[in-house]
Student: 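Once you've had a glance at the structure underneath, I'll fire off some questions.
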Amino acid sequence: MRMYDIIMKKRNGGELSDEEIRFFIEGYTKGEIPDYQVSSLMMAIYFRKMTERETLTLTLAMAESGDKLDLSAIKGIKVDKHSTGGVGDKTSLALAPMVAACGVPVAKMSGRGLGHTGGTIDKLESFPGFSTGISNDTFINNVNSIGIAIMGQTADLAPADKKLYALRDVTATVDNMSLIASSIMSKKLAAGADAIVLDVKTGSGAFMKTEEDSFALAEEMVKIGRGSGRRMSAVISNMDQPLGLAVGNAIEVREAIDTLNGKGPEDFTELVYTLGSRMLVLGGKAENEEEARAKLEEAVTGGYALEKLAQFVKAQGGDEKYVYEPDRLVLAPVRKEILADRDGYIGHIDCDEIGICSLMLGGGRETKESVIDLSVGLLLDKKVGDKVSKGDRLATVYAADESKLGAVGERFLNAYHFSDDFVSKQKLIKGII
Ligand code: URA
């Protein structure tokens, strides 16, 4: 079998056989097939798409490309959560400790930023000393002792996805349904949780821009998971504007901590409660959504969720003081306010553009080798449906130096579209499977 023939077959719109898919996944994982050939195949898949059968084979081949975590040493129903990626999506940072504080063991594997979207691992590294590069044993021990652990994808867990993820990130091949479904589900299957809650984003800041595509992606992933014996649920949530107000890394951690203190932005808080309720029900800690919500609220008001975050940060080498004093999380020194250049209502935001503004500031990767600046980002003041007058502050930019401020400011303003007429607030939850 030759990689050249596989690329050509897909380029010409053909359907790859199971053997061909397994061949390129095995060869790429072992380093026998170079990045440039796999980039080419990713682009061919991007344009020609994959059938349901191809997607399932790709998922299983990637899940089996390395070791699988055996979580049987952890008591209870282990619940994992994964987002398809968005702008300002710091959900796991607040959700995982809240759910763990309610007694559901959270054994979660997270990723780094992808394309214009941020990643949980990058954000968590804002806590000095914090590491997600923990061993499988530490991962399991921490879940058993404090109820929560988050690890990065190790070199031996779904390594094919690890390599493909980094490659797709810099070759404009992220936003394809089959590639996203197989990427997410391969690592979720390899990571061994009993139940998985998916947060499938939809809108201009998501990889799936339309609700139709987002529901289809959610259904495909739920089907793959259930077919592998997992309890599954998916929430389809709005990503037509950034989630919450903070976009970046350390700045998002601050917002997640505010939320655990009961002072988070309304949309972000609502999403965390919706996903958390699903996790509690799937994890057998609540009979229904209502009971789950009450438990989650108690975890926040009683301070247990914040305490759980502190235990988690400490257990993974971070400084827990930052949890109780979030102002210690360093934000970049150069600040610039972006002001509205007219009166009106915020009618629409090109949400991916806001993610790109953060990336341009250094908060995301331009190449596989990029080192990101955790202190940069944006803090929004206005979102869709807000009424503004000329001169009102739309956002504050946090930059390392002056050099990018002009370009970022201009890009940000171009992403905000005004309307003279009243615009209603956006609905956050679009559906639940
Ligand atoms: N998250 C992932 O893990 N993979 C994707 O392809 C997209 C979002």
Side-chain angles (χ1 to χ4, degrees), residues 25 28 38-39 41-43 45-46 49-50 54-56 58-63 65-66 69 80-93 95-96 108-124 132 150-155 157-193 196-209 213-214 216-218 220-222 224-225 230 232 234-237 239 243 275 351-352 355 359 364-365 368:
I25 287 298
Y28 188 47
V38 178
S39 314
L41 180 62
M42 291 297 110
M43 195 55 87
I45 291 173
Y46 177 86
K49 308 200 169 22
M50 281 184 136
E54 285 177 296
T55 308
L56 178 63
L58 181 61
T59 308
L60 299 179
M62 295 208 295
S65 62
L69 265 183
D80 198 349
K81 168 259 167 193
H82 203 88
S83 154
T84 56
V87 179
D89 184 8
K90 72 281 303 169
T91 309
S92 296
L93 304 176
L95 176 66
K108 173 157 175 46
M109 198 167 69
S110 287
R112 295 196 179 273
L114 187 65
H116 64 277
T117 70
T120 302
I121 296 201
D122 295 328
K123 291 170 198 176
L124 279 170
T132 48
I150 296 185
M151 71 192 289
Q153 199 169 355
T154 55
L157 216 118
D161 171 63
K162 190 172 178 157
K163 291 186 80 176
L164 281 178
Y165 191 92
L167 190 71
R168 288 167 55 226
D169 185 25
V170 291
T171 54
T173 51
V174 174
D175 46 342
N176 170 275
M177 200 179 307
S178 296
L179 296 179
I180 296 176
S182 58
S183 164
I184 292 179
M185 290 311 295
S186 63
K187 41 184 180 261
K188 296 294 110 176
L189 297 182
I196 301 161
V197 175
L198 300 168
D199 178 13
V200 179
K201 306 288 191 191
T202 189
S204 60
F207 293 121
M208 295 290 107
K209 308 286 182 208
D213 283 350
S214 305
L217 172 64
E220 186 143 354
M221 290 195 288
V222 165
I224 294 172
R230 308 303 158 104
M232 299 290 301
V235 171
I236 294 87
S237 69
M239 190 35 75
L243 182 63
L275 292 165
C351 182
D352 46 1
L359 207 136
R365 292 176 185 77
K368 285 208 293 187

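Whatever order the structure lists them in is the order used to number ligands and atoms, beginning at 1.
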Student: May I ask you to list the atoms of ligand 1 that are less than 4.0 angstrom from any heavy atom of Thr84?
Tutor: 7 (C), 8 (C)
Student: Using a strict cut-off of 4.0 Å, indicate which atoms of ligand 1 neighbour a heavy atom of His82.
Tutor: 1 (N), 2 (C), 3 (O)
Student: Check if Ile184 has a non-hydrogen atom at a distance under 4.0 Å from any atom of ligand 1.
Tutor: yes
Student: Specify the protein heavy atom at minimum distance from atom 6 (O) of ligand 1: its residue, its atom name, and the distance to 0.1 Å.
Tutor: Arg168 NH2, 2.8 Å
Student: Of the non-hydrogen atoms in Val174 and Ile180, which two are nearest, and what is the gap between them?
Tutor: O-CG1, 3.3 Å
Student: Keeping the roles fixed (side chain from Ser65, backbone from Ala160), state whether a donor-acceptor pair exists under 3.5 Å.
Tutor: yes
Student: Output, in order, the C-alpha distance, side-chain angles, deciding distance and verdict of side-chain contact (heavy atoms from CB on, under 4.5 Å) for Lys108 and Lys188.
Tutor: CA-CA 9 Å; Lys108 173 157 175 46; Lys188 296 294 110 176; 4.0 Å; yes
Student: Got a donor-acceptor contact below 3.5 angstrom from the Lys49 side chain to the Ser178 backbone?
Tutor: no
Student: So, the side chain of Ser204 versus the backbone of Cys351: is there a donor-acceptor pair under 3.5 Å, distance only?
Tutor: yes
Student: At less than 4.0 angstrom from any non-hydrogen atom of Ser183, what atoms of ligand 1 do you find?
Tutor: 2 (C), 3 (O), 4 (N), 5 (C), 6 (O)
Student: Please state which protein non-hydrogen atom is closest to atom 7 (C) of ligand 1 and give its distance, to 0.1 Å?
Tutor: Leu114 CD2, 3.4 Å
Student: Short question: side chain of Lys163, backbone of Asp161 - any donor-acceptor pair under 3.5 Å?
Tutor: no
Student: Provide, to 0.1 Å, the distance between atom 3 (O) of ligand 1 and the closest protein heavy atom, together with that atom's residue and name.
Tutor: Lys187 NZ, 2.6 Å
